[in-house]
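Proteins come first, then strands; the chains are lettered A, B, ... in the order of their sequence lines, and each starts at number 1.
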Amino acid sequence: MEPHGTPTGAMREITDRALDTAVSAGADYADVRVVRRVEESVTVRTGRVESIASDESEGVGVRVFAYGAWGFAATHRYDADAIDRAAAEAVRLAKGAAPSLRRRVSLAERPRAYGTYATPVREDPFALPLEVKVADLLDADAALAVPGVVSTASTYAAQREWKTFAATDGSLTEQVFTHVGAGIEAHAVKGSEHQRRSYPEARGGRWQQAGYEFIRELDLKGNAARCGGEAVALLTAPPCPEGPATVVIDPSQLYLQIHESCGHATELDRVFGAEASYAGTSFLTAGLLDSRFRYGSDLVTLVADATVPGGPGSFGWDDEGVAAQRTTLVENGILTGYLTSRDTAPRIGRESGGAVRAESWNRLPLVRMTNVNLVPVPGMSLQDIVADTDDGLYLTQNRSWSIDDRRWNFQFGTEIAYEIKGGRLGRILRNPVYSGITPEFWRSCDAVADERSYVMYGNPNCAKGLPPQCVQVGHGTSGARFRGVRMGAGR
Amino acid sequence: MNLERYADRVLETARRHGATDAEVSVEARVAALTRFANSEIHQSVAEDTVRVTLRYVHGRRYGMAATGRLDDAALESLVERASANARSTAESDDWPGLPEPGPIPEVTGAYAASTGEATAERRVETVREVVAAADAAGVAAFGSFTTGAVTTAVISTRGVRAVQTRSDAWLVTVHMSPGGGTGYAETCAVDVADVDGAALGREAAGKARADDHAVDLAPGEYPVVLEEYAVVDLLAKLGRCGFNALAAQEGQSFAAPGLRVASDLVTVWDDGTDPAGLPTAFDHEGVGKERVSLIDRGRCVGLVHDTRTAARAGIRSTGHALPAPNPVGPLPTNMFMAPGASTREELVGRLDRGLLVTRFYYTNPVNPKRGIVTGVTRDGVFLVEHGEIVSPVRDLRFSVSYLDVLRGVAAVGKERKTLRGWYGGVSVLGDITVPAVLVDSFRFSG
Ligand SMILES: [Zn+2]
């Protein structure tokens, strides 16, 4: 899909007003976003519709660069006074911050942004009768309830966002994003043992930039009985053994490993300390780019790609008006790039990689992941990798996660492990947990599966910044094998 | 802004649409934030946001909708959407109905105009004090200073009518030293005047300097002193996974009446009305805040409820509902842990060979039912021998049961800090007031 339609200019009155006021108040540069967002969600819990909700939000956010500093103010009102106040407040905030600056901020150039973008949607989720969506979810939830399952949770949600971006350099873009997500989970409890199995993902499900066709393709109902059965079976399954092991990691876990240990670690604002007091910093300090730091084995190539059709983190332009692009972060194991913005890229001598987004109109745009993907390696399928593994574990579906503030020392738990013996998947094991050090872990990767197991996962809950903001990010990955991984510490 | 006027209009429209009952909650927040990094202000933001939430009831069906706009068309559409949502659900055999009006406690000191009206200049001045303390110690400051006010009105056809305005000022700073050391300080208060930037800046700077040139320590079991910044995480996690009635009703909580979950020295309760925290008179359903005892001298006592969990339990809501739709369940948003008798020096003095831990980071439940949480230490861990700090040590990972940690509490500090804790990262204005503790044994996995 080509992001080059002609904008309607429907929000021109608001955007012109905001930009004009900002400039006359002293801004050297200003951009403004007018965002309208609608959202619907259905939650089913243990066979009952727990809630059907619909939400909408709309407003204007004005960002200015004045006196050498940034300022941002937002309002939910569209009247001229409110827009003037927000624009003037943004300049006042910049002026207040300016005396504290010790380093000159410079902005990477970008071409004027102009055009439109829209998510490709086959079946509009908002046009579909609510009854259909509720019935689909109730059906899937009912199929989870095999004997022994004590509670279930099934969710469906859709979001649509209309975003107009305009800037003092004449940029104007209009984008419409449609995201949908769904998931189911079964819980089983016995004494102090609690087990969960989910599909395709817990915590709100798997997301995509798409229409309801994506939800249908997930086939929640068809996967429900297996989920329920495994949750119950896990209660009496043997505990996962501890100690070093060869592990084959399913995309349903590997995507979060990528998110936490590569995605966040390569956010350049984080590298420079912008998030140090909250989300933390990164072990991938800027000097490691020049020294060609070995992040992973030769098989590991990671890209940030905002151009993938349907990717949760795809767009036409980011929230600074930088066009979507594909940036290599790690190439054949070597660190080659970062997720960047206009004000961080010049510090490593680059142009902006176009990785800046805000949760909504009332939040400051920040460096965010787009779709950070592990590039599949032709040769072996995921099944081939399992068949090639004599003694190991197959880990599926994230359950818990934790990583330190430098993205260095991590621990993940998955819902289930399958024993691999002689190249075959065997019995199930409960409470698998593995931990490691980011570059040691990625350097131990000795097989990445080909595109046949490649899946685009989405994380709708990636929070960053203060006030915290969540944006949709994507992670495409196939399965992969890692040697000598430290299992255990979970109990 | 007269929020009640908007709420009343929505109720009226809902009645016209045929609602048998309806509840409107309006929340208007004006807030601003000054963030700093490398001792410079790098982000300055202000927002003016409103959210109107409607729960529309038709017999035993209900639906909800929310909007961020106040114009007539938006409010009309709000009612239409909520009523359509209600019509799309099956009749619920589990719908408790909207809460009846009940007593709402008198709360004083929830709002300070100095905070609600704090200017950018006021925030910059405090940040300057934090940075000056960092400069004086030769370290760099990274943090944020938020000031804001939120007005909430909850009105329903059952006769609930509750309105309050609260303010919050929240300062967090991490100082980083050229020698690799980092230090942390945080405070939150109703009144911005109670935020002492210079003192917090000195605290974080001192910690960062002391943390320079940290050495590796072998993983294993150590007695520990957990500072307030670490203890806050124990309560936040246990509050969410344990004392939440929904988690308990779904069999996912460890909590059971009378069960010993902590040492005799540990007493924890939730009290929205205590002016020592960020007080609040009622919850998001307009139900008055009740003081709920959670742990009394080591034993589980109560759970926090919203209307739905309370109906299932056959009791009254304790006033702990979050904004709808809420999949998490009711939460204790104003927790307190009882202080003990020890000074900080006495707590550290009792460590023959142990660790002083500033705070935990990125903690997540691995097994909520057993209270098992994994995470890492951050911003200052120190080896203590014979009651004296001998060296900073590098951060360590742990996977422990927070219940085991509380069972091992051997002494409790007499000073307490009020912190946002986990609530700093979510949209709920909550806080936790805690002392430091001495714990017999804490296992680090490295
Ligand atoms: Zn994230």
Side-chain angles (χ1 to χ4, degrees), chain A residues 41 43 48-59 69-77 89 92-94 96-97 100-103 130-131 134 150-151 153 187 189 192-194 273-274 276-278 362 364 400-405 409 411 413 431 433 435 463 466-468 489-491, chain B residues 33 35-50 63-69 81 84-85 88-90 92 94 120-121 124 131 142-144 172-174 176 250-252 324-325 327 361-370 372 374-376 378 395 397 399 425-426 445:
Chain A
S41 66
T43 307
R48 292 178 176 129
V49 175
E50 168 107 346
S51 80
I52 298 184
S54 95
D55 204 343
E56 65 167 8
S57 158
E58 191 167 354
W70 287 114
F72 175 83
T75 176
H76 63 90
R77 293 161 224 256
E89 175 70 6
R92 194 156 49 240
L93 289 170
S100 80
L101 297 183
R102 299 175 181 194
R103 190 188 54 80
L130 201 45
E131 289 78 359
V134 172
V150 297
S151 67
H187 296 263
V189 176
S192 67
E193 195 65 36
H194 164 224
S277 66
Y278 189 63
N362 59 350
L364 178 72
S400 66
W401 67 100
S402 173
I403 189 160
D404 73 352
D405 54 310
N409 173 330
Q411 178 179 309
N431 300 343
V433 170
S435 59
L466 270 181
R491 267 188 302 163
Chain B
L33 168 70
R35 286 184 100 190
F36 47 101
N38 300 300
S39 302
E40 307 176 313
I41 293 172
H42 68 310
Q43 292 175 13
S44 310
V45 303
E47 66 168 309
D48 168 11
T49 306
V50 65
M64 62 146 300
T67 182
R69 292 159 54 203
R81 288 184 289 122
N85 290 345
S88 302
T89 66
S92 166
D94 185 44
E121 291 73 24
V124 168
V131 169
F142 302 74
S144 62
V172 174
T173 188
V174 170
M176 294 195 192
E250 293 191 335
Q252 294 175 24
Y361 177 72
Y362 217 133
T363 56
N364 258 314
V366 175
N367 186 334
K369 184 125 174 115
R370 294 184 195 169
I372 297 174
T374 186
V376 287
R378 189 175 162 182
D395 286 317
R397 174 168 292 285
S399 291
V426 295
S445 52

Contacting region of A:Glu50 [heavy-atom separation from chain B under 4.5 Å]: both

Smallest separation among heavy atoms of B:Thr173 and B:Phe36, with atom names: OG1-CE1, 3.6 Å

Chain B interface, residue from A:Glu131, A:Arg48, A:His194 that has the most non-hydrogen pairs under 4.5 Å: A:Arg48

Between A:Glu58 and A:His76: side-chain donor-acceptor atoms closer than 3.5 Å: no

SB check B:Asp48 A:Arg77 (cutoff 4.0 Å): yes

Max heavy-atom pair count under 4.5 Å with chain A, selected residue of B:Gly143, B:Ser44, B:Pro368: B:Ser44

A:Ala69, part contacting chain B, at a heavy-atom distance under 4.5 Å: neither

Segment of B:Val124 engaging chain A (4.5 angstrom heavy-atom cut-off): side chain

Qualifying residue, where the test is side chain to side chain donor-acceptor pair (under 3.5 Å) with B:Ser399 and the options are B:Thr374, B:Asn367, B:Thr363: B:Thr374

Sequence-distant partners of B:Ser144, side chain to side chain donor-acceptor pair (under 3.5 Å), two or more places apart: none

Proximity breakdown for B:Ala84 and chain A, heavy-atom pairs closer than 4.5 Å: backbone

Top contributor to chain A interface from B:Asn364, B:Val174, B:Val376 [non-hydrogen pairs under 4.5 Å]: B:Asn364

Residue, of B:Pro325, B:Ser39, B:Ala120, that accumulates the most heavy atom pairs under 4.5 Å with chain A: B:Ser39

Contact leader toward chain B among A:Val49, A:Leu364, A:Val134, A:Thr43, where contacts are heavy-atom pairs under 4.5 Å: A:Leu364

Engaged part of A:Ser151 at the chain B interface, taking heavy atoms whose separation is under 4.5 Å: side chain

Pick from A:Ala276, A:Ser41, A:Ala153 with the largest number of heavy-atom pairs that fall under 4.5 Å of chain B: A:Ala276

Salt-bridge contact A:Arg92-B:Glu121 (side-chain N to carboxylate O under 4.0 Å): no

Nearest-0.5 Å distance that lies between atom OG in B:Ser445 and atom CZ in B:Arg397: 7.0 Å

Partners meeting side chain to side chain contact (heavy atoms under 4.5 Å, CB included) with B:Thr67 (sequence neighbours left out): A:Glu56, B:Val52, B:Arg69, B:Ala74, B:Leu75, B:Leu78, B:Arg81

Validation row: A:Ser100, B:His42 side chains within 4.5 angstrom (heavy atoms): no

Side-chain heavy-atom pair A:Gln411, B:Val366 within 4.5 angstrom cut-off: yes

Greatest number of heavy atom pairs closer than 4.5 Å to chain A - which of B:Gly63, B:Gly375, B:Ser88: B:Ser88

Residue among B:Ala37, B:Gly251, B:Ala66 with most heavy-atom pairs under 4.5 Å to chain A: B:Ala66

When A:Ser435, A:Ser400, A:Ser54 are compared by non-hydrogen pairs under 4.5 Å with chain B, the top option: A:Ser54

Region of A:Arg102 in contact with chain B, defined by heavy-atom distances below 4.5 Å: both

Which portion of B:Glu250 sits near chain A, non-hydrogen atoms under 4.5 angstrom: both

